[in-house]
4 protein chains.
Amino acid sequence: MSVNKVILVGNLGKDPELRYTPSGVAVANFSLATTETYKDRDGNRQNKTEWHNIVAWRQLAEICGKYLHKGKQVYIEGKLTTRKWQDRDGVDRYTTEIVADQMQMLGRAGEEGGGAPSPGGRGGNDGYAATPPARSGAAAVDTYEEPSFNPDDEIPF
Amino acid sequence: MSVNKVILVGNLGKDPELRYTPSGVAVANFSLATTETYKDRDGNRQNKTEWHNIVAWRQLAEICGKYLHKGKQVYIEGKLTTRKWQDRDGVDRYTTEIVADQMQMLGRAGEEGGGAPSPGGRGGNDGYAATPPARSGAAAVDTYEEPSFNPDDEIPF
Amino acid sequence: MSVNKVILVGNLGKDPELRYTPSGVAVANFSLATTETYKDRDGNRQNKTEWHNIVAWRQLAEICGKYLHKGKQVYIEGKLTTRKWQDRDGVDRYTTEIVADQMQMLGRAGEEGGGAPSPGGRGGNDGYAATPPARSGAAAVDTYEEPSFNPDDEIPF
Amino acid sequence: MSVNKVILVGNLGKDPELRYTPSGVAVANFSLATTETYKDRDGNRQNKTEWHNIVAWRQLAEICGKYLHKGKQVYIEGKLTTRKWQDRDGVDRYTTEIVADQMQMLGRAGEEGGGAPSPGGRGGNDGYAATPPARSGAAAVDTYEEPSFNPDDEIPF
DNA sequence: TTTT
DNA sequence: TTTT
């Protein structure tokens, strides 16, 4: 009876750390920046960056460890979790993390968002196959073309 | 170039707290539970509850303060933000909150999600002892309570 | 009491069409491809592409008309709407579109996803500022470093 | 490299139809209403309802068939797909559907969203005449009815 | 602290 | 066709 979903598009602040539990389960951690642009009271554009702690497990952890790196732009879908831990004084602390269910690399293949690209690697142009789309949800009778927008219409909302 | 979105469906743990900044801006705080059901290693069904700190501002704060209450099921859409504060030892602490952009009450109108609705209408305390909340994601040293909202603060965005 | 939300990350099949209503309101239309990779019964990787009709209004339409083009990768957030129209035989037809509320260009600035980049345009490298992140939601006492993952832990779910 | 996600909270217009492919795979279809409230030019509150075609497969189809019914409020997460079919004149038509990945019943358990719950339990028809649905996004020429699911079809993915 |  |  509940939903707990986070959707982020941002850039990695560092390369992911890939580790393993004693029983051999892969876990990757990385931080992801999202930046919001807003205008302050004086009308000046300001940026505010949020840093999100991302955790991935198992196969997704392996993929993150292998393909992601500092600066890379990714789409992350996951759930919010708060983890309790003790600091060195034995005081309870809480850390909020996003446990990733899905990750999609953005930008073009071979694209780097930052960091030092490995020499001799990445950077080619992959070519984008751009066949004309059959518009989804549209219906064409024979040669009839549905007007996707009728300039005589007014806005319906 | 980024997206920071949280989507939650859950139940309020308590009635929202509605307060105002010195300049009169409304702010509502409440915690929202989402519960996940999973099977443990022995195949037994287990529940895991996450508590989320929700903050709403301005008109949405007023609506939350007026219509939401303990147990109510809501849809929340918002963004993740981490707020820095100092505990009484002057140590930096961080609390992660969801700043709500949208709220939808779920279930049917007139429906109550929890507590014993006081006869003759809402507005009672529902028999709930209003102890100070231990906010998820927050860390309290000893008896120190993080101020979930400091009325002397101005809006940080 | 309801939610109608679509989230897409995909590539434009063509340049957007930007038009205006008689009263001068801007409207942009474009189709967006999302591609899913799956394995068929024989274990072979297959792609399935969906084409989505996107509509943007007003300022967002102007931005789409100005900055988007064939092949560009974008994030779209919007709502599903079904529009009724008549074909040349007077038969009712229905077209489902996504009315965009938000659009985010993905990939790096100056990046082209396809099509013929205009001569003399786009293509510089913007440089990515990569200062180390202060991990969101993490708390550090003095020099104490929270272990982001304790290898002695087992998976908590 | 793409994302195709739909998130809906709405009410079922009818009981789901649960059917099976020749090879025994369960498929459930139902339509879901989302209603938006807005103010028109004269400042009057207006409602606009969208109808969404939902399809669920396999175990989720069984659950939908068993627990959902007309009027029930649900959360649906899924992906947009457009299906091609021929009307009786052999003309290509397209119908947009949401293939559900996740469904959450909303409101409290035992709660009914519509109709008069038949005394002595669920399972009745709730007094609803089961006329064939005009599926949103579908186009019917004259009396021709698009088959919302052809039991001779196999699963297209 | 909620809810099922 | 739902719901508020």
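Side chains are part of it too, since the values below use all heavy atoms of this structure and drop only hydrogens, waters and symmetry mates. Every chain is numbered from 1, with letters handed out A, B, ... down the list of sequences.
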Pair of N/O donor and acceptor under 3.5 Å linking dT2(E) base with Thr49(B) side chain: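 It does, because a donor-acceptor pair links the side chain of Thr49(B) to the base of dT2(E) below 3.5 Å.
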
Base of dT1(F) paired with side chain of Ser31(D) (donor-acceptor, under 3.5 Å): yes

Those residues that, when tested against Lys79(B), pass side-chain hydrogen bond (donor to acceptor under 3.5 Å, both in side chains) (two or more places apart): none

Residues in side-chain hydrogen bond (donor to acceptor under 3.5 Å, both in side chains) contact with Asp42(B), at least two apart in sequence or another chain: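 Expected list: none.
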
Nearest-Å distance, [atom1] ([X]) to [atom2] ([N])?
X: Lys48(B); N: dT4(E); atom1: NZ; atom2: P; result: 21 Å
X: Arg45(B); N: dT4(E); atom1: CZ; atom2: P; result: 16 Å
X: Glu36(B); N: dT4(E); atom1: CD; atom2: C1'; result: 14 Å
X: Leu106(D); N: dT4(E); atom1: CG; atom2: P; result: 12 Å
X: Asn11(B); N: dT1(E); atom1: CG; atom2: P; result: 16 Å
X: Lys14(B); N: dT2(E); atom1: NZ; atom2: C1'; result: 11 Å
X: Tyr94(C); N: dT1(F); atom1: OH; atom2: P; result: 13 Å
X: His52(D); N: dT1(F); atom1: NE2; atom2: C1'; result: 13 Å

Lys/Arg-Asp/Glu bridge criterion (N-O < 4.0 Å) met for Lys70(D), Asp15(D):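 Looking at Asp15(D) together with Lys70(D), the answer is no, because their closest N to O distance does not fall below 4.0 Å.
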
Nucleotide nearest Thr35(D) when distance is taken to its side chain, options dT2(E), dT3(F), dT4(E):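 Within the option list, the nearest is dT3(F).
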
Flag, side chain of Asn4(B) to backbone of Leu80(B), donor-acceptor distance under 3.5 Å: yes

Pi stacking test for Trp51(D) and dT1(F): under 5.5 Å apart, planes under 30°: yes

